[in-house]
Every structure is written in C-alpha cells, then in structure tokens.
Amino acid sequence: MTHLTARPGILKIAPYKQGASEVDGITSPIKLSSNESPLGPSPRAIAAYEKAAAELFRYPDGSQHNLIAAIAGRFDLPESKLICGNGSDELIQMLIRAYVGPEDEIIISEQAFAMCRVHALAQGATVVTAPEPDLVADVDQILALLTSRTRMVALASPNNPAGRYLTKTELHRLHENLPENILLLVDSAYADYVEAEDYDPGLMLANTTKNVVMTRTFSKLYGLSALRIGWALCHESIIDILQRIRTPFNTNAPALAAAEQAILDVAYETTVRAHNTVWLEKLSATLTDLGIEVIPSVANFILMRFPNDPAKNAESAWRFLLSKGIIPRPVGAGGPANCLRVTIGLDSENEAVIAALSEFMKR
Ligand SMILES: *Cc1c(COP(=O)(O)O)cnc(C)c1O
C-alpha cells in the first residue's frame with residue numbers, strides 16, 4: 001500500500017521555535033527574546049494602520065506603489081528595483097524558490113536568517129553551511145565552498161545572534177569573487193541600527209549589479225513586526241522573476257499604509273536609533289564589567305557569553321533571568337556555545353537586566 005509522503009527534504013526541517021513570551025507565575029514579563037522594538041512604531045504608522053480599518057473590505061494595492069515610492073524616495077533608489085513582501089522572510093523564500101532547485105547547492109553563512117535553511121531544504125536543495133569562526137560572515141570560508149552546483153550565497157549583516165557585520169571591503173571582495181551566475185543575498189534586517197562607518201548593507205551592490213539582492217524589514221527598527229512587511233532591492237531582471245511568483249496581494253493594506261508612514265517619519269526613526277545606540281554601549285560596557293563576555297554588536301541586541309562555571313553559565317543565567325521575569329533568547333544547538341541573546345529594551349527593562357545580572361554574577 002502506498003501512503004502519503006511529503007517531498008524529499010521537508011523532514012530535514014526542524015519546526016521553528018518562536019522567542020518565548022511567557023514565564024510561569026509572572027504577569028507581565030520583560031520580553032527581550034525576539035529583537036522587537038521596545039519603542040513601538042511611529043505614531044504616524046499607527047494612525048495609518050487605524051485609518052486602513054475603514055477599507056478592510058477592499059483588496060490591497062497589488063502594485064504596492066505607494067510604499068515602493070516612499071522607499072525609493074527615502075533611499076534614492078529606482079522604483080523598478082524594489083519589491084515588498086510579507087516580511088522579508090517571504091522575499092527570501094521567493095528568491096530561494098525561484099533560483100535554487102533540487103540539484104543545486106546554496107551556501108548559507110552560519111549566522112544567516114534561520115529561515116534560509118528551511119526554504120532551501122523545502123526546495124530539496126543541498127544546504128552548505130559556511131562557518132563563522134569570528135562570529136561574523138567569513139568571505140574565505142564562503143568562497144572555499146563554491147562548486148559548479150552553487151546557485152546562491154546567503155548571509156546576514158549584521159548577523160544574528162552575534163550582531164556583527166561584514167565590512168564594506170569584505171562584502172565587495174565576496175561579490176568580486178563570485179561568478180555572475182550565483183545570486184548573493186545580503187539580509188540587512190538590522191541595517192537601520194548600524195552606525196559603523198565601514199558598514200555596507202549591500203545597497204550599492206544591489207542597485208548596480210545583476211546578482212545581488214538586499215533585503216530589509218519593517219519588523220525591527222520600525223516596530224511593525226505584527227504586520228509582516230519587508231522589502232528587497234535588486235536588478236530588474238530579478239524583480240521580473242520574483243513578480244512572476246509573487247501572489248498579487250502578498251502585502252496587506254494596513255501593512256502597506258503603516259510601513260509607508262514609518263519610512264517617511266525620519267525624525268521618529270532617528271529617535272529610535274539614538275535610544276538603541278545609547279543602550280547598546282551602556283549595556284555592553286556594564287555587562288562586561290560584571291565579567292560577562294559581550295560580543296560587540298551593532299544591532300538592537302547583545303550576545304553574551306557566560307563563564308563555564310556551572311553556577312554562572314548560560315543555562316543558569318537563563319533560569320535566573322526567567323525567575324526575575326526577564327525573557328532572553330537562548331542560543332540553540334549549533335550556535336555560539338554558552339550564550340544568551342537579549343534585545344535592547346526600554347530604559348527600565350535594560351536597568352532590570354543589569355540589576356538581575358549583577359545579582360547573578362555576584363552570587
Ligand atoms: C528578524 C530578522 C529578519 C526579518 O524577518 P521579517 O520576516 O522581515 O520579520 C530577517 N533576518 C534576520 C537575520 C532577522 O533576525
């Protein structure tokens with residue numbers, strides 16, 4: 001008797017685990033597990049979202065025109081090279097579906113977005129992981145893995161969970177050494193936070209070459225995670241391919257309206273970035289003083305490596321923080337060992353993290 005089976009590759013996928021949001025016995029825990037913006041979206045974005053409620057019976061604008069025009073204006077880009085997705089996740093999925101098949105290899109840098117692997121395995125493709133020995137995408141490691149079957153290279157910069165970035169020089173060196181028939185995905189979900197001079201989100205490469213895609217999201221700095229909206233920049237020939245497989249109404253009307261206002265509200269964006277920059281520095285310095293190794297992050301989260309002492313390791317710290325009502329993100333198997341990731345929160349939330357970890361380290 002034959003029975004129902006999924007396509008090869010699907011069973012290699014471990015189901016996604018969302019950052020925890022509840023702690024037993026605590027009514028309103030401090031959720032620092034999913035890199036959400038503690039300041040929330042721009043008031044202009046919320047107003048646009050509320051206004052969209054009156055038009056819920058209508059289909060959204062399938063052309064995504066107003067949001068694309070706003071992004072093009074904000075970053076001085078041609079509208080013809082932009083496309084929006086149901087989160088940047090959907091755009092990454094579409095790219096992998098379009099360019100990577102069962103006979104192909106995709107090189108995924110170790111700390112790229114976890115969903116890259118899921119989408120590639122669903123295609124039946126071979127996933128080749130490029131190590132990040134210094135907790136940042138490593139160009140030589142990636143180049144060493146190229147074969148005649150490689151169709152795509154995916155990395156995140158800043159990466160996750162370390163929050164480290166590839167320098168402009170290194171990103172360009174990677175691109176220069178990639179054959180033109182290989183697609184380079186630069187996932188720049190955290191680009192909006194980065195203030196480092198030698199950082200390059202891949203914008204120029206995506207705007208001027210034929211094989212680079214930069215993806216961005218409204219889920220992080222813009223505080224619109226719930227609406228699922230992101231965008232990509234790439235050559236028109238790639239846009240043409242993506243438009244063929246995009247479902248006409250992949251981005252919903254409230255999301256399009258809110259994201260448009262979010263990107264136009266530069267003053268609010270600046271405030272959010274400034275809050276992050278101040279706390280990134282302050283939290284990193286304070287935690288270091290406590291004897292915790294802090295990986296230097298440029299994003300809106302910090303990766304902490306704990307001492308090996310079982311009383312002070314990441315596992316103990318995780319349980320201790322939870323007991324104080326603080327939810328960090330444990331780093332899964334295969335990730336940097338003995339680490340926890342915490343998102344930069346509100347002033348009071350960051351103070352609570354400092355207080356809890358001071359107590360923990362001094363026990
Ligand atoms: C959060 C995140 C994204 C964004 O996902 P969305 O689907 O746009 O919400 C992409 N890449 C990385 C590395 C992330 O952490």
Side-chain angles (χ1 to χ4, degrees), residues 16 18-19 21-22 28 31 33-75 77 79-95 97 113 115 119 187-193 213-234 239 242-273 275-276 300 343 345-346:
Y16 182 80
Q18 186 167 17
S21 56
E22 285 172 17
S28 33
K31 185 183 182 237
S33 56
S34 297
N35 298 342
E36 296 149 340
S37 174
L39 300 171
S42 149
R44 282 172 60 178
I46 296 173
Y49 173 80
E50 284 170 349
K51 192 165 163 239
E55 299 276 325
L56 288 180
F57 59 98
R58 298 204 186 278
Y59 278 101
D61 171 18
S63 78
Q64 309 175 325
H65 179 261
N66 292 349
L67 177 56
I68 285 181
I71 296 167
R74 174 76 173 76
F75 293 101
L77 296 167
E79 294 180 20
S80 58
K81 289 186 170 173
L82 294 167
I83 184 170
C84 301
N86 193 261
S88 51
D89 187 1
E90 190 203 20
L91 294 163
I92 293 170
Q93 178 177 27
M94 283 161 61
L95 280 168
R97 273 173 58 206
F113 189 41
M115 292 308 293
H119 301 317
D187 169 1
S188 302
Y190 298 99
D192 306 296
Y193 292 103
V213 181
M214 174 190 72
T215 52
R216 305 282 285 257
T217 184
F218 288 95
S219 300
K220 305 287 157 60
L221 182 133
Y222 296 100
L224 295 174
S225 316
L227 292 183
R228 312 304 307 123
I229 183 102
W231 57 280
L233 170 71
C234 53
I239 294 281
L242 296 179
Q243 291 294 13
R244 289 166 195 257
I245 58 169
R246 181 173 72 87
T247 57
F249 308 115
N250 64 325
T251 49
N252 69 80
L256 289 167
E260 180 190 347
Q261 290 307 310
I263 206 143
L264 292 172
D265 194 348
V266 178
Y268 187 79
E269 176 190 320
T270 307
T271 309
V272 176
R273 186 181 306 108
H275 170 86
N276 192 72
N300 68 333
T343 306
L346 297 170

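Quantities reported herein were computed from a predicted structural model and do not represent experimental measurements.
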Participant: Can you tell me how far OG1 of T215 sits from CG of L233, rounded to the nearest 0.5 angstrom?
Facilitator: 10.5 Å
Participant: Could you walk me through whether K31 and T343 pass side-chain contact (heavy atoms from CB on, under 4.5 Å), step by step?
Facilitator: CA-CA 8 Å; K31 185 183 182 237; T343 306; over 6 Å; no
Participant: Do you know the tightest heavy-atom contact between P41 and L224?
Facilitator: CB-CD2, 3.5 Å
Participant: Filter on salt bridge (Lys or Arg N to Asp or Glu O under 4.0 Å), then keep only pairs touching residues 261-270, sequence neighbours left out; what's left?
Facilitator: R74-E269, E269-R273
Participant: Report yes if the side chains of L39 and L346 come closer than 4.5 Å at any heavy-atom pair, otherwise no.
Facilitator: yes
Participant: According to the salt bridge (Lys or Arg N to Asp or Glu O under 4.0 Å) rule, which pairs have a member within residues 214-232, sequence neighbours left out?
Facilitator: D192-R216
Participant: CD1/I68 to OG/S63 distance, rounded to the nearest 0.5 angstrom?
Facilitator: 7.0 Å
Participant: Just by distance, do the side chain of H275 and the backbone of G345 share a donor-acceptor pair under 3.5 Å?
Facilitator: yes
Participant: Keeping the roles fixed (side chain from N250, backbone from C84), state whether a donor-acceptor pair exists under 3.5 Å.
Facilitator: yes
Participant: So do L82 and F75 actually touch side chain to side chain, heavy atoms under 4.5 Å?
Facilitator: no
Participant: Which distance, rounded to the nearest 0.5 Å, do you find between the CD1 of I71 and the CD1 of I263?
Facilitator: 5.0 Å
Participant: What pair of heavy atoms forms the shortest contact from S37 to G223, and how long is it?
Facilitator: CB-CA, 3.9 Å
Participant: When rounded to the nearest 0.5 angstrom, what distance separates OG1 in T251 from CG in L256?
Facilitator: 4.0 Å
Participant: Do D89 and H119 come close enough that some side-chain heavy atom pair is under 4.5 Å?
Facilitator: yes
Participant: Where the side chain of Y193 meets the backbone of L221, is there a donor-acceptor pair that is under 3.5 Å apart?
Facilitator: yes
Participant: To the nearest 0.5 angstrom, please state how far the CE atom of M94 sits from the CD atom of Q243.
Facilitator: 7.0 Å
Participant: Looking only at heavy atoms, what is the nearest atom pair of A258 and A45, with distance?
Facilitator: O-CB, 3.3 Å
Participant: Ignoring hydrogens, what is the shortest heavy-atom contact between V213 and C234? Give both atom names and the distance.
Facilitator: CG2-CB, 3.7 Å
Participant: Could you tell me whether the side chains of S225 and E36 share a donor-acceptor contact shorter than 3.5 Å?
Facilitator: no
Participant: Considering only heavy atoms from C-beta outward, does the side chain of I83 approach that of R246 to under 4.5 Å?
Facilitator: yes
Participant: Using the side-chain contact (heavy atoms from CB on, under 4.5 Å) rule, take Y190 and N35 through it: C-alpha gap first, then chi angles, then the decisive distance, then the call.
Facilitator: CA-CA 10 Å; Y190 298 99; N35 298 342; 2.9 Å; yes
Participant: What pair of heavy atoms forms the shortest contact from D187 to A189, and how long is it?
Facilitator: OD1-N, 3.1 Å
Participant: Go through the steps for L227 and F218 under the test side-chain contact (heavy atoms from CB on, under 4.5 Å), then give the verdict.
Facilitator: CA-CA 9 Å; L227 292 183; F218 288 95; over 6 Å; no
Participant: Minimum heavy-atom separation for A257 to A48, with atom names?
Facilitator: O-CB, 3.6 Å
Participant: For side-chain contact (heavy atoms from CB on, under 4.5 Å), just list the numbers for Y222 and Y268, CA-CA rounded to whole Å, side-chain angles, deciding distance to a tenth of an Å, and then say yes or no.
Facilitator: CA-CA 9 Å; Y222 296 100; Y268 187 79; over 6 Å; no
Participant: Working to the nearest 0.5 Å, report the span between CE of M214 and CG of L91.
Facilitator: 11.0 Å
